[in-house]
Structure formats: structure tokens, C-alpha cells
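Some notes on the structure that comes next.
In each ligand, atom 1 is the first atom listed, and ligand 1 is the first ligand listed. For the numbers below, each heavy atom of this structure counts, side chains included, while hydrogens, waters and symmetry mates do not.
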Amino acid sequence: MEETVLLVGGGGREHAIARALAGSAAGLYACAENRNPGIARLVDGFETLATTNSTAVRAYAREVGATLAVVGPEAPLEAGVADALDEADIYAFGPQQAEARIETDKAFQRRFMAEHDISGCPAFETFDDPEAACEYIDSNGGDLAVKPAGLTGGKGVKVVGDQVTPAEAKEYIRKSGYERLVLEERLVGEEFTVQAFVANGELRVTPAVQDHKRAYEGDEGPNTGGMGSYTGTGLTLPFLSEEAYLDAVDILQETVDALSGYKGILYGQFMLTGEGVRVVEFNARFGDPEAMNTLPVLGTDLLEVLVAAREDDPLPQLTFEPQATVCKYAVPSGYPTDPEGGTRLDIDEERAGDALLYYASVDEREDGIYTTTSRAFAVVGVGESIAAAEALADGALTAAGESGLRVRHDIGTSQLIQERVDHVASLRGE
Ligand code: AMP
Ligand code: GLY
């Protein structure tokens, strides 16, 4: 198509977006803080810049003659990059700053849900004073999730009764310096993600994904941006019934109906509890890693969806290949608490075989590819079953050179999947 697309962001998610656009856009350009070698190879031009600098992003978009832009990460959305591009008549697929608050301000997000009576909202309180939040922990007595209201890269939430004691939660609040907080009912269950394309009041949903937030195997350790994820061969997951999936879709629909002028991806993070589907959070963009599960099996041309969004046309119905996917991330040792960046990677892409390899927060320099302090690269296996996809991904990771990096090999394994299924059965009292 005669479109020139600017992609903003340089992670694994953006590498997946670049791959989905590379075959159909007449021109494809990217800008990011880091030079992602996977993206750089697919595009006609790559600019290293601060993606939260709306003026710089807009100037680059103009320079390359962009007719469309896709904003991958949340930080530029929060900084108003979509607003700046839209003002310059370069349609940004990604919400403007005000609508992105559904992700960037968790206090706003919960109040919005309550105000519009959106299903699945846990009981919550918002605080502008950390000491008041500490008092609430004392007086409440129950298990709570402690959430900084602003963006923390998925690493800010502490759950009393799971990760921390009430005393540790209070210490965390006092030491962290977060001024605005949300305290909410602890949700117990299995988490899953449903992402939807949204424009002109319409939405088109994608298959459910399960991400793994915890740093170590067996779901131990601190929360990360996501260590890996899987999808089944259809819209649901082994532990997720069609009914529960559709409940999540209804919540997304209610949210889209309540938002005005939202465009981009609306990402719902849900908890399947014993009492039904609850909302953990909303994000205003594709998930990372979830985009790497979704885009490789999307049968519809991504660019066609973006153009329809811009043109106010009905969004195309999406098709997906009936294939399962498993994504595993290789991360620097010490990630997320004390990551060791600046290590030169020795990746042999050829040896990834039939798996897809996505570069993430790495930086390509003259003498090689270096890690930063975030997730380095991911592999995705696509197969007839989750087990087949898992075997592909795991084999590829070892072959491609994960040495010196850390991986959760348990993601997508039959044993972990069975544990999820058993967990949901036990929540239902079966
Ligand atoms: P968030 O940044 O809101 O995605 O939260 C990060 C992680 O914290 C989620 O993926 C959950 O694992 C956990 N979490 C957030 N809210 C709750 C809650 N109300 N109950 C239990 N766990 C939660
Ligand atoms: N995978 C979690 C996120 O993208 O926020």
C-alpha cells in the first residue's frame, strides 16, 4: 500500500510490529532510544532519539514523509507523542495523552471504571498521601494490592499476602517515594490478556494470551515486564473457557463505549477468579511480550487495519491462523532488580531455526550488539499445539545463544499449563 509508516519504539513488541508491516508498507521508518538490529534491518531508515520528545518524533515523521504512525510503548503515549503527530496530520495509531490515562494513571483508571459502572472492577481506594495509604493498610487488615498510580514498567505493584507482609508494604510505600497510590482488593486466580484494536468506537479482539510476570521459574521472584507468554490454537487458553473469554471481551467493549475518541490498542489484563473475570489493569498499547504472540498469527494485513482506523472506515474482521505460540524472553542476569547491562551478545540467528527471533532492549553498535538493563531478545515458537510451540521456542533459545542471560524455561511447558488448569478448577471448588 502507498503508505509510509513511522514506528515509534525499539523493543521486542516493536520488532514484531515492524515485521507485520514490512511486507505491506511502501515505506517503513523507525525511531527509538536504542538501535534495535532486528527493526533496523526491516526499515528504510532508523533514527535514534528520545521517543518521549514529541517534537523530535514529529520532526522525524515529517522528514520521512510519514502518512501513518504506530506508537509501541507507553512512555511516548504519556508524553503526548500521539497528540503531536495527530496535530501534524500524521495519524497516530495510539491514544492521545488524555485517553492513555487509562494506563498511565491507575487512580484515574479505577475511578473511570467505577464512574462508568464497568464490570470486573475490584474494590479500591486512591491516595495522594502515602501516610494515609499506610493507615489504610493497618485499618483494612485484609490482603491488598499496593499500586503506584503512575507508570513503573510493570514492576511497581506489591501484593500483600503474596509478595509482601503488611509491614513490608508500608515500608515499600514510605521508601519508594511514590506520592499517589491505589490500594485495592487482592485478586486471586489466573491472569490473562486480551488485546483489541480500537478506532472510531469499534473494537476487534485478538486471542487471549497468558504472560508470566514473575522473574523466576515456578512464578517466584519480583515482577518483571513479562518473561514470556503463550497462546492456544484458538481464542481461549487451556484454563480459560469461551464464556470467560467473552466476559473479558464484554468488559473491553464497555470500556470502549465509555471512552471517547480512543484509538490504538486497548489491552486488558484480567484475572479469572473463583467469582468470575476481574480487571487487573488496562494498557494503552500492545503488550510486550504479548504482541509477539499475536502478530505472527494475524492473518489480516496489519496495515489494512491501521488505514481503516485512519480513514474512519469499519475495521476489517480479523483472522488468525489456528496455531499456538510460545514466547520466551532472554534477560540480563539480575533483571529486574539489579540488571547487568553492557554485555556483548553473541546471537546466532540462523540457529533459531524455525522459531522467530525478536530483538528487544539491545543496542547495536559498530562492534556488536550489547544488552541494556532490560529484556534482551525473545524467541517465539509457532506450532500445532502449545507443546509443539514450546519445544520450538526452547530449542531455539539455547541454539541462538542465551548464555549469560536468564530465561524461564518453564513457560509454555505441559507441567505449568496443567498447574494453571488445576488452579482454576480448585478456585471453582472442583
Ligand atoms: P499492573 O502493573 O497493574 O499490571 O500489575 C502488575 C502485576 O501485579 C499484575 O500482573 C498482577 O500480577 C499483580 N496485581 C495487580 N493488581 C492486582 C490485584 N488487585 N490483585 C492481585 N494481583 C495484582
Ligand atoms: N506484558 C505486560 C505488559 O506489556 O504490560
Quiz item: Can an N or O of E184 be found at a distance shorter than 3.5 Å from an N or O of ligand 1?
Solution: yes
Exercise. Within a distance under 4.0 Å of any heavy atom of E290, pick out the atoms of ligand 2 and give their elements.
Key: 1 (N), 2 (C), 4 (O)
Quiz item: Is there a donor-acceptor pair closer than 3.5 Å between any side-chain N or O of K328 and the backbone N or O of A393?
Solution: no
Quiz item: What are the atoms of ligand 2, with element, lying closer than 4.0 Å to any heavy atom of D211?
Solution: 1 (N), 2 (C)
Exercise. In plain terms, say whether R204 and E202 are close enough for a salt bridge, that is, a side-chain N and a carboxylate O under 4.0 Å apart.
Key: yes
Quiz item: Which atoms of ligand 1 have any heavy atom of K147 under 4.0 Å away?
Solution: 3 (O), 15 (C), 16 (N)
Self-check item: Qualifying residue for side-chain contact (heavy atoms from CB on, under 4.5 Å) with L318, from V205, T300, L302
Solution: T300
Quiz item: Ignoring hydrogens and geometry, is there a side-chain-to-backbone donor-acceptor pair from R214 to G221 under 3.5 Å?
Solution: yes
Practice problem: Carefully, step by step, assess N293 and S229 under the rule side-chain hydrogen bond (donor to acceptor under 3.5 Å, both in side chains). | Solution: CA-CA 7 Å; N293 300 92; S229 44; 2.5 Å; yes
Quiz item: Of all the atoms in ligand 1, which lie at a distance below 4.0 Å from a heavy atom belonging to R186?
Solution: 20 (N)
Quiz item: Is the count of non-hydrogen atoms from other residues, nucleotides or ligands lying under 6.0 Å from E340 atom CD greater than 12?
Solution: no
Quiz item: Does a side-chain N-to-carboxylate-O contact under 4.0 Å join D219 and R408?
Solution: yes
Practice problem: Enumerate the atoms of ligand 1 whose separation from the nearest heavy atom of N223 is less than 4.0 angstrom. | Solution: 7 (C), 8 (O)
Quiz item: Given K213, R214, E191, which has its nearest heavy atom closest to atom 11 (C) of ligand 1?
Solution: E191
Practice problem: Flag N283 as yes when one of its N or O atoms lies below 3.5 Å from any N or O atom of ligand 2, and as no otherwise. | Solution: yes
Self-check item: Atom indices of ligand 2, in the order listed, that fall short of 4.0 Å to a heavy atom of G287
Solution: 4 (O)
Quiz item: For ligand 2, which atoms have a heavy atom of Y267 less than 4.0 angstrom away?
Solution: 1 (N), 2 (C), 3 (C)
Exercise. Under 4.0 Å from a heavy atom of G225: give me the atoms of ligand 2 that qualify, with their elements.
Key: 1 (N), 2 (C)
Quiz item: By number and element, which atoms of ligand 2 are closer than 4.0 Å to a non-hydrogen atom of K213?
Solution: 2 (C)
Quiz item: Does K106 have a heavy atom less than 4.0 Å from any atom of ligand 1?
Solution: yes
Quiz item: Parallel, tilted or perpendicular: which describes the rings of Y230 and H212, with under 30° parallel and over 60° perpendicular?
Solution: tilted
Quiz prompt | Heavy atoms from other residues, nucleotides or ligands near CG of D138 exceed 12 (cutoff 6.0 Å) | solution = yes
Quiz item: Minimum heavy-atom separation for A56 to L49, with atom names?
Solution: O-CD2, 3.9 Å
Quiz item: Are R285 and E290 within salt-bridge range, i.e. N to O under 4.0 Å?
Solution: no
Quiz item: What do you reckon, are the aromatic ring centroids of F192 and F270 less than 6.0 Å apart?
Solution: yes
Quiz item: Are any of the N or O atoms of E281 closer than 3.5 Å to those of ligand 2?
Solution: no
Quiz item: Does ligand 1 have a heavy atom under 4.0 Å from the side chain of T152, from its backbone, from both, or from neither?
Solution: neither
Exercise. Run the contact test for R285 against ligand 2 with a 4.0 Å cut-off on heavy atoms, strictly below, and give the result.
Key: yes
Quiz item: Heavy-atom contacts under 4.0 Å between L187 and ligand 1: side chain, backbone, both, or neither?
Solution: both
Quiz item: Near E185, which atoms of ligand 1 are under 4.0 Å from a heavy atom of that residue?
Solution: 18 (C), 19 (N), 20 (N)
Quiz item: Out of D211, L183, V157, V280, who gets a non-hydrogen atom closest to atom 8 (O) of ligand 1?
Solution: V157
